[in-house]
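Chain letters run A, B, ... following the sequence lines, proteins first, then strands; residues in each count from 1.
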Amino acid sequence: MKMINRFWKFMLLAIIIYTIIQLLITTEVFNLFYTNTLITIAINIILAVSLHLVIGITGQFSIGHAGFLAVGAYISAIVTMKLALPFPLALFAAGVIAAVAGLIVGIPTLRLRGDYLAIATLGFAEIIRIIFLNIDYVGGAAGMVVSRTTNWTISYICLLITLIVIINFTNSRHGRACVAIRENEIAADAMGINTTYYKVVAFVIGSFFAGIAGGLYAHNFYIIQPASFGFLKSFDILIFVVLGGLGSLSGAVLSAILLTIVSTFLQDYAETRMIIYSLILILVMLYRPQGLMGTREITDFFTSRKKNALKGGENL
Amino acid sequence: MLKVDEIDVYYDNIHALKGVSLEVLAGEIVTLIGANGAGKSTLLKTLSGLLRPKTGRIDYFGQSITNKPVQSIVQSGISHVPEGRRVFANMTVAENLDLGAYIRKDKKAIEEDKQAVYALFPRLLERKKQLAGTLSGGEQQMLAIGRALMAKPKLLLLDEPSMGLAPLLVKQIFQIIQEINQNGTTILLVEQNANMALSIANRAYVIETGNVVASGTAKELQSSERIKQAYLGGM
(Lines give C-alpha, C1' and ligand atoms only; values in the text may rest on other atoms or scores of the structure.)
Protein backbone atom coordinates (compact mmCIF):
# COMPACT_ATOMS: atom_id res chain seq x y z
CA MET A 1 0.00 0.00 0.00
CA LYS A 2 2.64 2.43 1.18
CA MET A 3 4.88 1.51 -1.72
CA ILE A 4 2.10 2.07 -4.28
CA ASN A 5 1.31 5.41 -2.71
CA ARG A 6 4.92 6.47 -2.99
CA PHE A 7 5.04 5.39 -6.60
CA TRP A 8 2.08 7.56 -7.58
CA LYS A 9 3.43 10.51 -5.67
CA PHE A 10 6.67 10.08 -7.59
CA MET A 11 4.83 9.85 -10.90
CA LEU A 12 2.68 12.89 -10.11
CA LEU A 13 5.77 14.93 -9.29
CA ALA A 14 7.45 13.68 -12.45
CA ILE A 15 4.48 14.69 -14.61
CA ILE A 16 4.26 18.13 -12.99
CA ILE A 17 7.95 18.77 -13.60
CA TYR A 18 7.61 17.62 -17.18
CA THR A 19 4.55 19.78 -17.85
CA ILE A 20 6.17 22.89 -16.45
CA ILE A 21 9.34 22.46 -18.42
CA GLN A 22 7.48 21.50 -21.58
CA LEU A 23 5.36 24.60 -21.18
CA LEU A 24 8.45 26.75 -20.82
CA ILE A 25 9.90 25.18 -23.94
CA THR A 26 6.79 25.59 -26.10
CA THR A 27 6.25 29.16 -24.97
CA GLU A 28 9.89 29.72 -25.86
CA VAL A 29 10.85 31.02 -22.45
CA PHE A 30 13.52 28.37 -22.68
CA ASN A 31 15.51 28.82 -25.88
CA LEU A 32 17.44 26.14 -27.64
CA PHE A 33 20.42 26.67 -25.39
CA TYR A 34 18.43 26.04 -22.22
CA THR A 35 16.65 23.06 -23.73
CA ASN A 36 19.96 21.63 -24.70
CA THR A 37 21.26 22.13 -21.18
CA LEU A 38 18.19 20.31 -19.87
CA ILE A 39 18.91 17.35 -22.14
CA THR A 40 22.51 17.29 -21.00
CA ILE A 41 21.33 17.36 -17.39
CA ALA A 42 19.01 14.41 -18.02
CA ILE A 43 21.82 12.44 -19.67
CA ASN A 44 24.19 13.24 -16.83
CA ILE A 45 21.66 12.23 -14.21
CA ILE A 46 21.20 8.88 -15.95
CA LEU A 47 24.96 8.39 -15.93
CA ALA A 48 25.31 9.47 -12.31
CA VAL A 49 22.48 7.28 -11.11
CA SER A 50 23.68 4.23 -13.02
CA LEU A 51 27.17 4.60 -11.56
CA HIS A 52 25.64 5.25 -8.14
CA LEU A 53 24.20 1.75 -8.26
CA VAL A 54 27.66 0.27 -8.79
CA ILE A 55 29.71 2.50 -6.48
CA GLY A 56 27.25 3.94 -4.00
CA ILE A 57 25.05 0.91 -3.44
CA THR A 58 27.19 -2.12 -4.19
CA GLY A 59 30.48 -0.47 -3.21
CA GLN A 60 32.41 -1.56 -6.31
CA PHE A 61 34.79 1.18 -7.28
CA SER A 62 34.40 1.20 -11.06
CA ILE A 63 35.86 4.19 -12.86
CA GLY A 64 35.39 3.14 -16.47
CA HIS A 65 31.81 4.24 -16.90
CA ALA A 66 32.61 6.25 -20.03
CA GLY A 67 33.40 2.93 -21.70
CA PHE A 68 29.77 1.89 -21.48
CA LEU A 69 28.70 5.35 -22.54
CA ALA A 70 30.87 4.93 -25.63
CA VAL A 71 29.44 1.49 -26.40
CA GLY A 72 25.91 2.89 -26.14
CA ALA A 73 26.74 5.94 -28.25
CA TYR A 74 28.33 3.99 -31.09
CA ILE A 75 25.82 1.15 -31.11
CA SER A 76 22.87 3.53 -31.23
CA ALA A 77 24.56 5.59 -33.95
CA ILE A 78 25.15 2.45 -36.00
CA VAL A 79 21.52 1.40 -35.57
CA THR A 80 20.09 4.73 -36.71
CA MET A 81 22.68 5.90 -39.23
CA LYS A 82 23.87 2.67 -40.84
CA LEU A 83 20.86 0.41 -40.41
CA ALA A 84 18.31 3.24 -40.62
CA LEU A 85 16.18 1.85 -37.83
CA PRO A 86 14.05 4.00 -35.48
CA PHE A 87 15.64 5.93 -32.61
CA PRO A 88 13.84 4.24 -29.66
CA LEU A 89 15.03 0.89 -30.96
CA ALA A 90 18.55 2.28 -31.18
CA LEU A 91 18.37 3.39 -27.56
CA PHE A 92 17.24 -0.03 -26.47
CA ALA A 93 19.96 -1.73 -28.51
CA ALA A 94 22.51 0.64 -26.98
CA GLY A 95 21.42 -0.38 -23.50
CA VAL A 96 21.43 -4.08 -24.27
CA ILE A 97 24.84 -4.14 -25.93
CA ALA A 98 26.33 -2.00 -23.16
CA ALA A 99 24.85 -4.44 -20.63
CA VAL A 100 26.46 -7.33 -22.51
CA ALA A 101 29.75 -5.44 -22.41
CA GLY A 102 29.18 -4.97 -18.67
CA LEU A 103 28.66 -8.68 -18.27
CA ILE A 104 31.79 -9.56 -20.19
CA VAL A 105 33.90 -7.06 -18.27
CA GLY A 106 32.17 -7.66 -14.95
CA ILE A 107 32.58 -11.39 -14.58
CA PRO A 108 36.37 -11.40 -14.54
CA THR A 109 37.01 -7.96 -13.01
CA LEU A 110 34.48 -8.00 -10.17
CA ARG A 111 36.57 -10.65 -8.46
CA LEU A 112 39.10 -7.88 -7.93
CA ARG A 113 38.74 -5.47 -5.08
CA GLY A 114 39.22 -1.78 -4.46
CA ASP A 115 42.05 -0.21 -6.39
CA TYR A 116 42.52 -3.25 -8.61
CA LEU A 117 38.94 -3.10 -9.80
CA ALA A 118 39.30 0.63 -10.42
CA ILE A 119 42.36 0.11 -12.60
CA ALA A 120 40.79 -2.79 -14.48
CA THR A 121 37.65 -0.83 -15.31
CA LEU A 122 39.71 2.18 -16.32
CA GLY A 123 41.69 -0.08 -18.62
CA PHE A 124 38.50 -1.43 -20.11
CA ALA A 125 37.21 2.04 -20.92
CA GLU A 126 40.46 2.89 -22.67
CA ILE A 127 40.33 -0.34 -24.65
CA ILE A 128 36.82 0.51 -25.86
CA ARG A 129 37.94 3.97 -26.89
CA ILE A 130 40.93 2.61 -28.81
CA ILE A 131 38.78 0.00 -30.51
CA PHE A 132 36.38 2.63 -31.83
CA LEU A 133 39.35 4.76 -32.80
CA ASN A 134 40.56 1.99 -35.07
CA ILE A 135 37.35 0.89 -36.72
CA ASP A 136 36.88 2.64 -40.04
CA TYR A 137 33.24 1.60 -40.19
CA VAL A 138 32.47 4.13 -37.44
CA GLY A 139 34.81 6.78 -38.78
CA GLY A 140 37.90 6.22 -36.71
CA ALA A 141 39.40 9.29 -35.08
CA ALA A 142 37.35 11.63 -37.26
CA GLY A 143 34.22 10.29 -35.64
CA MET A 144 30.80 9.48 -36.94
CA VAL A 145 28.13 11.86 -38.12
CA VAL A 146 24.87 11.35 -36.27
CA SER A 147 21.57 13.08 -36.88
CA ARG A 148 20.21 15.09 -33.99
CA THR A 149 17.17 13.16 -32.77
CA THR A 150 17.38 13.42 -29.00
CA ASN A 151 14.78 15.77 -27.63
CA TRP A 152 13.70 16.79 -24.19
CA THR A 153 10.73 14.40 -24.02
CA ILE A 154 12.63 11.25 -24.84
CA SER A 155 15.49 12.18 -22.51
CA TYR A 156 13.03 12.76 -19.73
CA ILE A 157 11.29 9.43 -20.32
CA CYS A 158 14.62 7.61 -20.24
CA LEU A 159 15.55 9.46 -17.06
CA LEU A 160 12.30 8.44 -15.40
CA ILE A 161 12.69 4.81 -16.38
CA THR A 162 16.24 4.82 -15.02
CA LEU A 163 15.15 6.32 -11.72
CA ILE A 164 12.20 3.97 -11.31
CA VAL A 165 14.25 0.85 -12.04
CA ILE A 166 17.17 1.83 -9.86
CA ILE A 167 15.10 3.05 -6.92
CA ASN A 168 13.03 -0.12 -6.97
CA PHE A 169 16.09 -2.31 -7.27
CA THR A 170 17.73 -0.54 -4.34
CA ASN A 171 14.69 -0.95 -2.12
CA SER A 172 14.20 -4.59 -2.98
CA ARG A 173 15.70 -7.62 -1.30
CA HIS A 174 18.34 -7.61 -4.04
CA GLY A 175 19.22 -4.02 -3.28
CA ARG A 176 19.71 -4.83 0.36
CA ALA A 177 21.98 -7.68 -0.61
CA CYS A 178 24.05 -5.21 -2.63
CA VAL A 179 24.27 -2.79 0.28
CA ALA A 180 25.38 -5.68 2.49
CA ILE A 181 28.21 -6.35 0.05
CA ARG A 182 29.24 -2.70 0.25
CA GLU A 183 29.14 -2.78 4.03
CA ASN A 184 31.05 -6.00 4.53
CA GLU A 185 31.66 -8.51 1.83
CA ILE A 186 32.79 -11.36 4.08
CA ALA A 187 29.78 -11.03 6.33
CA ALA A 188 27.49 -10.79 3.31
CA ASP A 189 29.06 -14.00 2.04
CA ALA A 190 28.52 -15.68 5.39
CA MET A 191 24.83 -14.69 5.31
CA GLY A 192 24.45 -16.76 2.17
CA ILE A 193 24.37 -13.82 -0.23
CA ASN A 194 25.87 -14.74 -3.59
CA THR A 195 28.23 -11.77 -3.68
CA THR A 196 29.69 -12.30 -7.15
CA TYR A 197 26.21 -12.64 -8.63
CA TYR A 198 24.96 -9.40 -7.11
CA LYS A 199 28.08 -7.48 -8.02
CA VAL A 200 27.68 -8.56 -11.63
CA VAL A 201 23.93 -7.81 -11.62
CA ALA A 202 24.51 -4.28 -10.30
CA PHE A 203 27.28 -3.77 -12.81
CA VAL A 204 25.15 -4.99 -15.72
CA ILE A 205 22.18 -2.80 -14.77
CA GLY A 206 24.54 0.15 -14.39
CA SER A 207 26.04 -0.54 -17.81
CA PHE A 208 22.62 -0.88 -19.38
CA PHE A 209 21.60 2.62 -18.35
CA ALA A 210 24.99 4.05 -19.20
CA GLY A 211 24.42 2.60 -22.68
CA ILE A 212 21.06 4.32 -22.94
CA ALA A 213 22.67 7.57 -21.84
CA GLY A 214 25.20 6.94 -24.59
CA GLY A 215 22.41 6.64 -27.15
CA LEU A 216 20.92 9.96 -26.04
CA TYR A 217 24.34 11.56 -25.96
CA ALA A 218 25.22 10.44 -29.48
CA HIS A 219 22.02 11.86 -30.92
CA ASN A 220 22.25 15.13 -29.06
CA PHE A 221 25.16 16.49 -31.05
CA TYR A 222 25.95 16.07 -34.69
CA ILE A 223 29.04 14.00 -34.31
CA ILE A 224 30.58 11.45 -31.94
CA GLN A 225 34.31 10.95 -31.61
CA PRO A 226 36.32 8.48 -29.56
CA ALA A 227 38.05 11.44 -27.91
CA SER A 228 34.86 12.39 -26.06
CA PHE A 229 34.90 9.10 -24.18
CA GLY A 230 38.32 9.35 -22.61
CA PHE A 231 39.01 8.76 -18.98
CA LEU A 232 38.19 12.39 -18.18
CA LYS A 233 34.60 11.59 -19.06
CA SER A 234 34.70 8.64 -16.64
CA PHE A 235 35.97 10.97 -13.96
CA ASP A 236 33.21 13.47 -14.66
CA ILE A 237 30.65 10.78 -13.90
CA LEU A 238 32.58 9.59 -10.87
CA ILE A 239 32.63 13.14 -9.54
CA PHE A 240 28.81 13.36 -9.73
CA VAL A 241 28.56 10.30 -7.51
CA VAL A 242 31.27 11.26 -5.03
CA LEU A 243 30.24 14.89 -4.78
CA GLY A 244 26.62 13.94 -4.19
CA GLY A 245 27.57 11.59 -1.40
CA LEU A 246 28.41 7.92 -1.86
CA GLY A 247 25.27 5.91 -1.32
CA SER A 248 22.81 8.74 -1.87
CA LEU A 249 20.75 8.62 -5.04
CA SER A 250 19.32 12.09 -4.59
CA GLY A 251 22.85 13.30 -3.94
CA ALA A 252 23.98 11.91 -7.29
CA VAL A 253 21.01 13.54 -9.04
CA LEU A 254 21.60 16.85 -7.31
CA SER A 255 25.29 17.03 -8.07
CA ALA A 256 24.70 15.97 -11.68
CA ILE A 257 22.29 18.89 -12.05
CA LEU A 258 24.54 21.40 -10.28
CA LEU A 259 27.75 20.46 -12.01
CA THR A 260 26.12 20.35 -15.44
CA ILE A 261 24.74 23.84 -14.92
CA VAL A 262 28.05 25.13 -13.63
CA SER A 263 30.05 23.71 -16.50
CA THR A 264 27.51 24.84 -19.10
CA PHE A 265 27.43 28.41 -17.93
CA LEU A 266 31.17 28.55 -17.61
CA GLN A 267 31.55 27.55 -21.23
CA ASP A 268 31.97 31.19 -22.25
CA TYR A 269 34.98 31.49 -20.01
CA ALA A 270 36.85 28.50 -21.31
CA GLU A 271 40.13 29.45 -19.63
CA THR A 272 38.77 29.90 -16.14
CA ARG A 273 36.16 27.19 -16.43
CA MET A 274 38.22 24.28 -15.24
CA ILE A 275 39.71 26.37 -12.44
CA ILE A 276 36.31 27.33 -11.06
CA TYR A 277 35.04 23.81 -11.55
CA SER A 278 37.92 22.33 -9.60
CA LEU A 279 37.64 25.00 -6.93
CA ILE A 280 34.03 24.00 -6.36
CA LEU A 281 35.08 20.38 -6.02
CA ILE A 282 37.86 21.20 -3.56
CA LEU A 283 35.58 23.39 -1.46
CA VAL A 284 32.85 20.78 -1.28
CA MET A 285 35.33 18.08 -0.34
CA LEU A 286 36.88 20.29 2.33
CA TYR A 287 33.65 21.31 3.97
CA ARG A 288 31.50 18.29 3.19
CA PRO A 289 33.83 15.34 2.77
CA GLN A 290 30.85 12.99 2.94
CA GLY A 291 29.43 14.63 -0.19
CA LEU A 292 26.46 16.96 -0.52
CA MET A 293 23.94 14.51 0.87
CA GLY A 294 26.09 12.07 2.79
CA THR A 295 24.23 8.78 2.69
CA ARG A 296 20.86 10.44 3.14
CA GLU A 297 18.10 10.89 0.60
CA ILE A 298 16.00 13.94 -0.10
CA THR A 299 12.91 12.07 1.03
CA ASP A 300 14.48 11.74 4.49
CA PHE A 301 13.81 15.41 5.04
CA PHE A 302 10.10 15.01 4.50
CA THR A 303 9.49 12.00 6.68
CA SER A 304 9.44 12.46 10.43
CA ARG A 305 12.69 13.91 11.64
CA LYS A 306 12.73 12.11 14.95
CA LYS A 307 12.74 8.78 13.25
CA ASN A 308 15.58 9.83 11.03
CA ALA A 309 17.68 11.15 13.85
CA LEU A 310 18.63 7.52 14.34
CA LYS A 311 18.31 6.75 10.64
CA GLY A 312 15.35 4.54 11.12
CA GLY A 313 12.28 3.34 9.39
CA GLU A 314 12.21 -0.33 8.56
CA ASN A 315 13.11 0.10 4.93
CA LEU A 316 11.19 3.17 3.81
CA MET B 1 25.60 -34.23 12.87
CA LEU B 2 28.81 -32.83 11.43
CA LYS B 3 31.71 -35.03 10.52
CA VAL B 4 34.96 -33.66 9.18
CA ASP B 5 37.24 -36.26 7.68
CA GLU B 6 40.91 -35.59 6.99
CA ILE B 7 40.58 -32.20 5.37
CA ASP B 8 43.53 -30.32 3.96
CA VAL B 9 43.20 -26.59 3.31
CA TYR B 10 45.75 -24.37 1.63
CA TYR B 11 46.21 -20.63 1.25
CA ASP B 12 48.11 -20.78 -2.03
CA ASN B 13 51.27 -22.58 -0.90
CA ILE B 14 50.64 -22.42 2.81
CA HIS B 15 49.33 -25.66 4.20
CA ALA B 16 46.91 -24.32 6.82
CA LEU B 17 45.02 -27.46 7.84
CA LYS B 18 46.76 -30.80 7.68
CA GLY B 19 44.38 -33.72 7.67
CA VAL B 20 42.04 -32.40 10.33
CA SER B 21 39.22 -34.65 11.48
CA LEU B 22 36.55 -33.89 14.01
CA GLU B 23 32.98 -34.60 14.85
CA VAL B 24 30.14 -32.58 16.31
CA LEU B 25 27.07 -34.36 17.67
CA ALA B 26 23.61 -32.80 17.72
CA GLY B 27 22.96 -30.74 20.82
CA GLU B 28 26.58 -30.37 21.85
CA ILE B 29 28.79 -27.41 22.46
CA VAL B 30 32.15 -28.30 20.95
CA THR B 31 35.06 -25.94 21.26
CA LEU B 32 38.23 -25.61 19.23
CA ILE B 33 41.12 -24.10 21.11
CA GLY B 34 44.57 -23.21 19.94
CA ALA B 35 47.03 -20.41 19.57
CA ASN B 36 47.04 -17.68 16.93
CA GLY B 37 47.58 -19.09 13.49
CA ALA B 38 46.76 -22.64 14.50
CA GLY B 39 44.04 -22.87 11.87
CA LYS B 40 40.90 -22.50 13.96
CA SER B 41 39.29 -19.78 11.89
CA THR B 42 40.40 -21.51 8.71
CA LEU B 43 38.50 -24.58 9.82
CA LEU B 44 35.32 -22.61 10.47
CA LYS B 45 35.58 -20.85 7.14
CA THR B 46 35.99 -24.19 5.43
CA LEU B 47 32.92 -25.58 7.18
CA SER B 48 30.75 -22.65 6.08
CA GLY B 49 32.02 -22.88 2.50
CA LEU B 50 34.03 -19.66 2.44
CA LEU B 51 37.15 -21.75 1.81
CA ARG B 52 37.45 -25.05 -0.03
CA PRO B 53 39.36 -28.06 1.21
CA LYS B 54 41.83 -29.56 -1.24
CA THR B 55 41.28 -33.08 0.00
CA GLY B 56 39.04 -34.68 2.57
CA ARG B 57 35.35 -34.71 3.18
CA ILE B 58 32.80 -32.80 5.24
CA ASP B 59 29.55 -34.58 6.04
CA TYR B 60 26.53 -32.87 7.50
CA PHE B 61 23.65 -35.12 8.56
CA GLY B 62 25.25 -37.89 6.56
CA GLN B 63 25.46 -35.87 3.35
CA SER B 64 28.56 -34.40 1.85
CA ILE B 65 28.71 -30.59 1.86
CA THR B 66 32.37 -30.59 0.90
CA ASN B 67 32.24 -28.40 -2.18
CA LYS B 68 28.81 -26.89 -1.88
CA PRO B 69 28.40 -23.12 -2.33
CA VAL B 70 27.98 -20.99 0.79
CA GLN B 71 24.33 -20.26 0.03
CA SER B 72 23.28 -23.88 0.11
CA ILE B 73 25.32 -24.53 3.25
CA VAL B 74 23.60 -21.63 5.00
CA GLN B 75 20.29 -22.92 3.70
CA SER B 76 20.96 -26.36 5.13
CA GLY B 77 21.30 -24.83 8.60
CA ILE B 78 24.92 -23.89 9.24
CA SER B 79 25.44 -20.26 10.25
CA HIS B 80 28.81 -18.64 10.68
CA VAL B 81 29.53 -15.69 12.97
CA PRO B 82 32.77 -14.46 11.45
CA GLU B 83 35.72 -13.31 13.48
CA GLY B 84 35.76 -9.65 14.39
CA ARG B 85 31.94 -9.37 14.29
CA ARG B 86 31.68 -7.73 10.87
CA VAL B 87 28.28 -6.15 11.27
CA PHE B 88 26.91 -4.02 8.44
CA ALA B 89 27.97 -0.71 9.96
CA ASN B 90 25.78 1.68 7.98
CA MET B 91 22.62 -0.33 8.46
CA THR B 92 20.36 -0.33 11.46
CA VAL B 93 20.29 -3.19 13.94
CA ALA B 94 16.92 -4.29 12.54
CA GLU B 95 18.25 -4.24 8.98
CA ASN B 96 21.24 -6.32 10.03
CA LEU B 97 18.89 -8.90 11.48
CA ASP B 98 16.78 -8.86 8.30
CA LEU B 99 19.87 -9.63 6.27
CA GLY B 100 20.63 -12.54 8.56
CA ALA B 101 17.39 -14.05 7.32
CA TYR B 102 18.36 -13.32 3.73
CA ILE B 103 18.08 -16.92 2.55
CA ARG B 104 14.64 -17.39 4.12
CA LYS B 105 11.33 -16.43 2.57
CA ASP B 106 8.85 -17.25 5.37
CA LYS B 107 8.08 -13.67 6.39
CA LYS B 108 5.95 -14.46 9.41
CA ALA B 109 8.42 -16.88 10.95
CA ILE B 110 11.23 -14.41 10.31
CA GLU B 111 9.38 -11.78 12.32
CA GLU B 112 8.87 -14.25 15.17
CA ASP B 113 12.54 -15.18 15.14
CA LYS B 114 13.44 -11.51 15.22
CA GLN B 115 11.40 -11.12 18.37
CA ALA B 116 13.14 -14.18 19.79
CA VAL B 117 16.52 -12.58 19.10
CA TYR B 118 15.35 -9.39 20.81
CA ALA B 119 14.23 -11.48 23.78
CA LEU B 120 17.67 -13.05 23.94
CA PHE B 121 19.43 -9.70 23.57
CA PRO B 122 17.17 -6.98 25.05
CA ARG B 123 19.95 -4.51 24.35
CA LEU B 124 19.38 -4.97 20.62
CA LEU B 125 15.68 -4.21 20.97
CA GLU B 126 16.52 -0.89 22.65
CA ARG B 127 18.79 -0.01 19.76
CA LYS B 128 16.98 -1.54 16.85
CA LYS B 129 16.93 1.68 14.85
CA GLN B 130 20.48 2.63 15.61
CA LEU B 131 23.23 2.17 13.05
CA ALA B 132 25.19 -0.97 13.81
CA GLY B 133 28.50 0.88 13.46
CA THR B 134 27.62 3.06 16.45
CA LEU B 135 27.14 0.10 18.81
CA SER B 136 29.76 -0.85 21.39
CA GLY B 137 31.96 -3.88 20.79
CA GLY B 138 29.86 -6.10 23.02
CA GLU B 139 26.64 -5.00 21.37
CA GLN B 140 28.12 -5.61 17.95
CA GLN B 141 29.04 -9.12 19.02
CA MET B 142 25.48 -9.66 20.22
CA LEU B 143 24.22 -8.35 16.89
CA ALA B 144 26.56 -10.64 14.97
CA ILE B 145 25.29 -13.65 16.92
CA GLY B 146 21.67 -12.51 16.62
CA ARG B 147 22.09 -12.02 12.90
CA ALA B 148 23.43 -15.54 12.50
CA LEU B 149 20.49 -16.90 14.50
CA MET B 150 18.11 -15.25 12.04
CA ALA B 151 19.06 -17.89 9.48
CA LYS B 152 17.56 -20.43 11.88
CA PRO B 153 20.70 -22.54 12.13
CA LYS B 154 20.90 -26.05 13.44
CA LEU B 155 24.63 -25.59 13.81
CA LEU B 156 26.12 -22.26 14.84
CA LEU B 157 29.79 -21.61 14.13
CA LEU B 158 31.17 -18.96 16.47
CA ASP B 159 34.55 -17.45 15.77
CA GLU B 160 36.12 -15.85 18.86
CA PRO B 161 33.06 -14.20 20.38
CA SER B 162 35.17 -12.97 23.32
CA MET B 163 37.60 -11.03 21.16
CA GLY B 164 38.27 -7.58 22.54
CA LEU B 165 35.54 -7.68 25.16
CA ALA B 166 35.72 -6.90 28.88
CA PRO B 167 35.66 -9.99 31.15
CA LEU B 168 32.19 -9.22 32.43
CA LEU B 169 30.82 -8.97 28.93
CA VAL B 170 32.59 -12.16 27.95
CA LYS B 171 30.81 -13.93 30.76
CA GLN B 172 27.48 -12.56 29.60
CA ILE B 173 28.10 -13.61 26.00
CA PHE B 174 29.04 -17.11 27.12
CA GLN B 175 25.87 -17.38 29.18
CA ILE B 176 23.88 -16.46 26.12
CA ILE B 177 25.76 -19.04 24.07
CA GLN B 178 24.71 -21.67 26.60
CA GLU B 179 21.14 -20.43 26.41
CA ILE B 180 21.16 -20.69 22.61
CA ASN B 181 22.46 -24.23 22.98
CA GLN B 182 19.71 -25.13 25.44
CA ASN B 183 17.16 -23.87 22.91
CA GLY B 184 18.34 -26.63 20.61
CA THR B 185 21.15 -25.18 18.50
CA THR B 186 24.36 -27.12 18.28
CA ILE B 187 27.43 -24.97 18.70
CA LEU B 188 30.98 -25.14 17.41
CA LEU B 189 32.99 -22.51 19.23
CA VAL B 190 36.44 -21.29 18.35
CA GLU B 191 38.18 -19.54 21.20
CA GLN B 192 41.47 -18.18 22.41
CA ASN B 193 40.02 -17.89 25.88
CA ALA B 194 40.42 -21.60 26.54
CA ASN B 195 39.37 -21.46 30.16
CA MET B 196 36.05 -19.87 29.40
CA ALA B 197 35.42 -22.08 26.38
CA LEU B 198 36.17 -25.31 28.23
CA SER B 199 33.90 -24.27 31.08
CA ILE B 200 30.81 -24.31 28.89
CA ALA B 201 31.74 -26.96 26.30
CA ASN B 202 30.92 -30.66 26.27
CA ARG B 203 33.91 -31.62 24.22
CA ALA B 204 36.96 -29.92 22.85
CA TYR B 205 39.66 -30.21 20.20
CA VAL B 206 43.07 -28.64 20.47
CA ILE B 207 44.64 -27.44 17.23
CA GLU B 208 48.31 -26.67 16.77
CA THR B 209 49.80 -25.54 13.44
CA GLY B 210 47.09 -27.17 11.41
CA ASN B 211 46.88 -30.46 13.28
CA VAL B 212 44.48 -31.72 15.91
CA VAL B 213 46.84 -32.57 18.77
CA ALA B 214 44.37 -33.43 21.47
CA SER B 215 40.69 -34.03 21.91
CA GLY B 216 38.33 -35.24 24.56
CA THR B 217 35.65 -34.05 26.91
CA ALA B 218 36.09 -30.55 28.21
CA LYS B 219 36.71 -31.92 31.71
CA GLU B 220 39.49 -34.23 30.53
CA LEU B 221 41.25 -31.42 28.74
CA GLN B 222 40.85 -29.04 31.62
CA SER B 223 42.69 -31.46 33.86
CA SER B 224 45.37 -32.47 31.37
CA GLU B 225 48.77 -31.18 32.43
CA ARG B 226 49.93 -30.41 28.94
CA ILE B 227 46.87 -28.38 28.01
CA LYS B 228 47.03 -26.55 31.29
CA GLN B 229 50.57 -25.48 30.60
CA ALA B 230 50.05 -24.50 27.01
CA TYR B 231 46.63 -22.85 27.09
CA LEU B 232 45.26 -22.36 30.55
CA GLY B 233 48.07 -20.27 31.96
CA GLY B 234 50.27 -22.87 33.62
CA MET B 235 50.17 -23.98 37.27
| request: Measure distances from B/Ala89 to the heavy atoms of chain A and classify the residue's part below 4.5 Å as side chain, backbone, both or neither. | output: both
| said: Is any side-chain heavy atom of A/Lys199 closer than 4.5 Å to one of A/Glu185? | reply: yes
| field | Salt-bridge contact A/Arg176-B/Glu95 (side-chain N to carboxylate O under 4.0 Å) | value | no
| remark: Heaviest contributor of heavy-atom pairs below 4.5 Å to chain A, chosen from B/Ile103, B/Ile78, B/Leu50, B/Leu99, is B/Leu99
| remark: Of B/Arg104, B/Lys107, B/Lys108, the one forming a salt bridge (Lys or Arg N to Asp or Glu O under 4.0 Å) with B/Asp113 is B/Arg104
| What part of B/Val87 lies closer than 4.5 angstrom to a heavy atom of chain A: side chain, backbone, both or neither? | backbone
| task | Specify which of A/Ala177, A/Gly247, A/Ala180 makes the most heavy-atom pairs with chain B at under 4.5 Å. | result | A/Ala180
| said: Could you check whether B/Glu23 pairs with B/Lys3 (Lys NZ or Arg NE/NH1/NH2 to Asp/Glu carboxylate O, under 4.0 Å)? | reply: no
